[in-house]
*Asks:* 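Shown below is the structure under consideration.
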Amino acid sequence: MPRDYFQDVYDVVRQVPPGRVTTYGAIARYLSLRAGARMVGWAMNSSHGLDVPAHRVVNRVGVLSGKHFFGHPTAMQERLEAEDIQVADDRVVDFDRLFWDPATELTV
DNA sequence: TGAATGACGCTGG
DNA sequence: CCCAGCGCCATTC
């Protein structure tokens, strides 16, 4: 059973400030995951029930690619809107401005 | 052991 | 940004 980078990914996601979003690739690069961004998303799949704001993690263009895994298709969007993040057409509005890069904001 | 899969990313058109 | 294709690699069957 995996456990290694899963906790690392969760730890980074928890540090994402409310109202901000990050990407799978950014997390992968910050943790130097050779596995790539795919495994970051896969790790989030195991974050169900945990205190992990997976809704703040989107793909490189700000698309809510994982909304389908939130039980209800609109659950992820509503969570983002609850943090004043505007979502239109399953995409984060002003994603470029709301993007939170751990490698930059967290200053390795 | 190997093929198929995927909450992705990059490049090229 | 849209579309198509290739690369990435842990996990699963």
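Every heavy atom of this structure was used, including side-chain atoms; hydrogens, water molecules and symmetry mates were not. Throughout, protein chains are lettered first and strands after them, A, B, ... in sequence-line order, and every chain is numbered starting at 1.
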*Asks:* Which listed nucleotide (C:dA10, B:dA7, C:dT11) is nearest to the side chain of A:Ala54?
*Replies:*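 Comparing C:dA10, B:dA7, C:dT11 against the side chain of A:Ala54, the answer is B:dA7.
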
*Asks:* Using a cut-off of 6.0 Å, state whether more than 12 heavy atoms not belonging to A:Gln15 lie near its atom CD.
*Replies:*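 Yes, CD of A:Gln15 has more than 12 neighbouring heavy atoms, counting only those of other groups under 6.0 Å.
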
*Asks:* Using whole Å, report how far CG of A:Asn45 lies from C1' of C:dT12.
*Replies:*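 Result: 13 Å.
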
*Asks:* May I ask you to say what A:Gly36 touches in the nucleic acid, namely base, sugar-phosphate or nothing, with a heavy-atom cut-off under 4.0 Å?
*Replies:*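 If one applies the 4.0 Å heavy-atom cut-off, A:Gly36 turns out to touch nothing in the nucleic acid.
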
*Asks:* Looking only at the side chain of A:Ala35 (C-beta and beyond, no hydrogens), which of the listed nucleotides B:dA7, C:dC1, C:dA10 gets closest?
*Replies:*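 Closest of the options to the side chain of A:Ala35: C:dA10.
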
*Asks:* Indicate whether any N or O donor in one side chain lies under 3.5 Å from an N or O acceptor in the other, for A:Glu78 and A:His72.
*Replies:*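 Per modelled atom types, A:Glu78 and A:His72 side chains form no pair under 3.5 Å.
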
*Asks:* Nearest 0.5 Å, please: how far is CG in A:Asp90 from NE2 in A:His68?
*Replies:*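 Rounded to the nearest 0.5 Å, the NE2-CG separation comes to 12.0 Å.
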
*Asks:* Applying the side chain to side chain contact (heavy atoms under 4.5 Å, CB included) criterion to A:Val12, which one of A:Val40, A:Leu31, A:Val52, A:Thr22 satisfies it?
*Replies:*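 Only one option passes, and that is A:Leu31.
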
*Asks:* For the side chain of A:Arg91, starting at C-beta, report the closest nucleotide among C:dC2, B:dA7, B:dT11.
*Replies:*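 In terms of side-chain proximity for A:Arg91, the closest of C:dC2, B:dA7, B:dT11 is C:dC2.
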
*Asks:* Does CZ in A:Arg79 sit with more than 12 non-hydrogen atoms of other residues, nucleotides or ligands closer than 6.0 Å?
*Replies:*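 Count not over threshold, so no.
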
*Asks:* Which listed nucleotide (C:dA10, C:dC2, B:dG9) is nearest to the side chain of A:Ala37?
*Replies:*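 Of the candidates, B:dG9 comes closest.
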
*Asks:* In whole angstrom, give the distance that lies between atom CZ of A:Arg60 and atom P of B:dT11.
*Replies:*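 To the nearest whole Å, that distance equals 9 Å.
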
*Asks:* Could you state the CG-C1' distance from A:Leu33 to B:dG9, rounded to the nearest angstrom?
*Replies:*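 Answer to the nearest Å: 14 Å.
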
*Asks:* Please give, in whole Å, the distance from B:dG6 C1' to A:Asn59 CG?
*Replies:*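 About 13 Å, once rounded to whole Å.
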
*Asks:* Nearest to the A:Phe70 side chain among B:dT11, B:dA7, C:dT11, which nucleotide is it?
*Replies:*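 Looking only at heavy atoms from C-beta outward on A:Phe70, the closest nucleotide is B:dA7.
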
*Asks:* Among the candidates C:dC2, B:dG6, B:dT11, find the nucleotide nearest to the side-chain atoms of A:Met39.
*Replies:*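 Of the options given, the side chain of A:Met39 lies nearest B:dG6.
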
*Asks:* Of all the choices, C:dT11, B:dG9, C:dC1, which nucleotide is nearest to the side chain of A:Phe6 once you look at every atom?
*Replies:*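 Nucleotide nearest to A:Phe6's side chain: C:dT11.
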
*Asks:* Could you tell me how far apart A:Trp42 (CH2) and C:dC9 (C1') are, to the nearest whole angstrom?
*Replies:*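 Value for this atom pair: 12 Å.
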
*Asks:* In whole Å, what is the span from the CD1 atom of A:Ile27 to the P atom of B:dA7?
*Replies:*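 One finds 15 Å between P of B:dA7 and CD1 of A:Ile27, rounded.
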
*Asks:* Please report the distance, rounded to the nearest Å, between OH in A:Tyr24 and P in C:dG7.
*Replies:*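 Going from OH in A:Tyr24 over to P in C:dG7 covers 24 Å.
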
